2 protein chains.
Amino acid sequence: MTDHIPHIVIIGGGFGGLYAAKQLKRVKARVTLVDKRNFHLFQPLLYQVATGGLSPGDIASPIRAVLKKYPHVSVLKDEVRGIEPDEKRLILKGGELSYDYLIVATGVRHHYFGNSHWGSHAPGLKTIEDALEMRRRILNAFEEAEKLDDPDLRAELKRFVIVGAGPTGVELAGALAELAHATMHRNFRNIDPSRVDIVLVEGTDRVLPPYPPDLSAKAQNALEKLGVKIMTKTFVTDIQDRNVRLKRADGSEETLRAATVLWAAGVKANRFGEALAAKTGAEADRSGRIAVQPDLSLPGYDHILVVGDLAQIIQPNGKQVPGVAPAAMQMGRYAASRVRDMIAGRPSKPFTYFDKGSLAVIGRNAAVADLNVLKLSGLPAWLIWAFIHIHFLIEFGNKMIVSTQWAWNYLTRKRGARLITGKFTPEEDGG
Amino acid sequence: MTDHIPHIVIIGGGFGGLYAAKQLKRVKARVTLVDKRNFHLFQPLLYQVATGGLSPGDIASPIRAVLKKYPHVSVLKDEVRGIEPDEKRLILKGGELSYDYLIVATGVRHHYFGNSHWGSHAPGLKTIEDALEMRRRILNAFEEAEKLDDPDLRAELKRFVIVGAGPTGVELAGALAELAHATMHRNFRNIDPSRVDIVLVEGTDRVLPPYPPDLSAKAQNALEKLGVKIMTKTFVTDIQDRNVRLKRADGSEETLRAATVLWAAGVKANRFGEALAAKTGAEADRSGRIAVQPDLSLPGYDHILVVGDLAQIIQPNGKQVPGVAPAAMQMGRYAASRVRDMIAGRPSKPFTYFDKGSLAVIGRNAAVADLNVLKLSGLPAWLIWAFIHIHFLIEFGNKMIVSTQWAWNYLTRKRGARLITGKFTPEEDGG
């Protein structure tokens with residue numbers, strides 16, 4: 001009689017997947033983590049790359065380096081394209097992969113609510129490439145405005161519309177205002193970059209809708225001090241080249257002329273999430289998030305666990321577990337212990353989410369924090385924000401450097417990574 | 001009678017162009033610096049980006065930020081496409097620009113000696129995009145090798161051929177060896193990344209041909225200690241997919257199978273350099289470098305000065321001024337003083353090149369330096385190399401951060417910027 005060593009496959013090297021992999025350290029099993037990218041991305045700081053404050057390398061760590069001291073984990077750089085759940089088999093771009101236990105942590109991408117043609121006019125912010133595209137557009141708008149004399153065209157170039165005032169939209173608006181007001185001071189000769197027009201559009205009645213109303217008010221106040229115009233109860237009905245069509249709750253309509261439109265609104269399950277729901281018959285909500293059992297497994301497939309942004313979990317208080325990094329980490333850790341229990345034939349307690357609170361940063365010294373027991377704003381919230389983010393960056397690959405970079409940016413208000421890259425070919429390098 | 005304020009136009013924001021712009025501080029003139037990129041690139045460190053040691057933002061500074069405190073200089077982000085030298089007029093992608101004095105600092109690009117079809121198989125290293133493409137190929141080769149069982153295919157993926165053993169080729173080979181031996185240690189489960197096969201191919205009889213022979217020997221020794229195979233007196237006669245055809249001076253031929261081929265050999269004038277030579281009738285050598293007068297002007301066009309890699313200057317000792325950053329800086333500074341003299345109606349002394357020596361780094365603690373009065377190798381040369389590079393990085397945009405990053409990389413042997421980016425579209429983000 002031979003012992004079958006179980007094979008645990010984790011899809012996705014985000015917060016959920018990596019925490020699961022690390023937690024499986026002393027389990028008698030082979031572990032394979034599959035990701036089509038070779039790096040873990042610290043998504044909460046993508047907006048810093050989009051506004052030139054940090055370089056991609058500052059917020060990404062090679063997955064192999066993160067898992068170097070976990071010899072039980074093999075990393076496979078491949079793309080998962082499908083699943084045969086009854087045969088416990090994944091279909092990869094480069095072959096197939098069998099599993100005994102599967103942890104799905106494939107996350108979400110941005111989404112235009114069925115208007116995918118808006119994508120070319122209003123880039124979202126989920127990947128490094130997204131962030132570099134945003135950075136390119138933002139910086140090019142200033143460059144073009146500097147060249148033009150026509151006041152209308154110049155106004156279009158100096159208007160930035162951000163759609164969605166959740167944490168991403170709020171942080172993006174704050175960083176963009178700081179870029180224009182402080183960093184670019186005296187960089188131009190014909191335009192005054194501090195006189196930009198940043199418009200933040202939100203469908204609900206306040207910014208940061210998941211936060212308590214008083215913190216929303218403080219965030220709004222901080223943004224307005226930075227010159228950001230906030231339009232709540234306003235929906236985007238169409239986006240075309242340099243045109244954003246808006247409709248307010250009172251029925252009035254307006255068109256904004258703006259060269260740069262940034263998308264921070266909807267998200268949707270990644271492709272594999274859709275395939276998984278289809279093949280297993282699991283229920284998914286409008287965004288493709290999959291309803292999981294109390295132990296994060298799928299109905300009828302207790303060997304498949306879903307963690308992170310892709311999982312839809314209703315807490316006892318009726319609220320959904322939010323799509324944030326701490327929730328993904330907790331689910332990843334739980335999934336690992338659940339698999340360990342299954343291998344040992346032990347029962348497990350259901351997953352419970354411990355809400356550590358919420359944080360959003362609006363600019364230098366300005367942030368809002370809801371730590372449940374304590375609500376903070378201003379510098380204290382900013383310091384907590386910086387501390388927590390640096391802590392996790394260090395955990396994922398020793399990015400001690402980022403703290404130095406931040407200290408430097410903070411002192412000098414410089415943003416060193418203001419490069420327009422990616423659209424040049426060697427042939428074009430002629431002057 | 002109105003005073004005509006002269007307009008000085010500088011093309012190119014590299015070392016030559018920026019030094020010229022800075023040096024024109026107290027001249028009664030308008031100065032415009034045109035570049036199609038918005039950043040100055042510290043080219044001598046591009047190989048660090050190609051091997052994941054530094055991020056693009058670490059070695060590039062926004063030109064506007066560098067020139068922030070030089071209000072006499074306007075920066076124009078545009079591409080220069082042609083010139084009408086008799087009308088003192090430039091043709092830009094976005095319009096036209098008249099000048100009274102022109103300083104051309106457009107540099108060189110890499111070049112395949114008439115075999116431009118080699119380009120897709122063997123990327124060069126002149127732009128950020130080039131470096132990211134090299135990084136992508138190098139890291140992907142390890143990822144693919146990890147997946148394969150076929151020993152021949154694996155050997156192909158673990159072989160890296162670098163064409164050209166000048167400073168770029170030597171530094172690239174050293175950094176690649178270090179990446180494989182130290183940084184990737186324990187990152188893989190199926191392959192041993194330290195057992196890669198790095199081959200450095202050079203047509204002349206030694207590495208670093210412009211350096212004194214004893215330093216070439218030391219560099220070769222240091223590279224061989226890192227496991228780099230050096231093939232001197234060997235020419236590349238063809239490059240195809242995974243195939244490099246070689247011919248030795250003795251007539252023998254060989255084909256190397258290698259998935260990754262990196263080009264560090266020929267350079268050629270950028271497009272505008274070619275247009276300038278054609279329109280002014282200036283003499284250009286085989287690489288398109290333009291022969292300039294002792295005051296860096298073109299024959300018959302004393303208002304057009306050429307500086308940096310594009311200028312071909314023969315020194316009294318019969319040697320060419322080399323295409324290195326210190327030479328470009330000296331020419332840029334000279335060109336500014338020459339224009340100042342012309343405006344004042346004063347004669348100028350001819351340009352003289354002061355050779356500060358040569359430096360190349362081979363790896364951790366290993367470098368060679370020829371400081372004319374002193375030849376160094378090993379750790380002392382490495383420290384001088386690090387000091388000089390950090391000094392200039394700081395001058396161009398306060399990149400204090402890079403020194404911290406280096407100290408960190410040095411201590412940990414980590415290379416944090418090992419990301420494979422740039423070939424993903426939002427649609428592909430599915431797991």
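Keep in mind the model is a prediction, meaning the values are calculated, not measured. Residue numbers start from 1 in every chain, and the chains themselves are labelled A, B, ... in the order their sequence lines are given, proteins ahead of strands.
Annotation: maximal heavy-atom pairing with chain A below 4.5 Å, among B/E144, B/E274, B/E146, occurs at B/E146. Across B/G13, B/G107, B/P71, the residue that shares the most heavy-atom pairs under 4.5 angstrom with chain A is B/P71.
Enclosure of atom NE2 in B/H117 by more than 12 non-hydrogen atoms of other residues, nucleotides or ligands within 6.0 angstrom is indicated. Surrounding CG of A/D150 are more than 12 heavy atoms belonging to other residues, nucleotides or ligands, all under 6.0 Å away.
Contact annotation for A/I63: neither backbone nor side-chain heavy atoms come within less than 4.5 Å of a heavy atom of chain B. Proximity to chain B is limited to the side chain of A/N140, based on heavy atoms less than 4.5 angstrom apart. Only the backbone of A/Y70 comes within less than 4.5 Å of a heavy atom in chain B; its side chain stays farther off.
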_If you apply the rule side chain to side chain contact (heavy atoms under 4.5 Å, CB included), what do you find for B/M184 with A/R64, and how did you get there?_
CA-CA 8 Å; B/M184 288 198 167; A/R64 295 190 185 280; over 6 Å; no

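No donor-acceptor pair under 3.5 Å is formed between the side chain of B/K77 and the backbone N or O of A/K147. A side-chain donor-acceptor contact under 3.5 Å links B/R189 to the backbone of A/V73.
Remark: B/L139 CG to A/F39 CZ distance equals 10.5 Å, nearest 0.5 Å. Atom OG of B/S55 sits about 9.5 Å away from atom CG of A/L54, to the nearest 0.5 Å. In this structure, NZ in B/K68 is found 7.5 Å from OG1 in A/T183, a value given to the nearest 0.5 Å.
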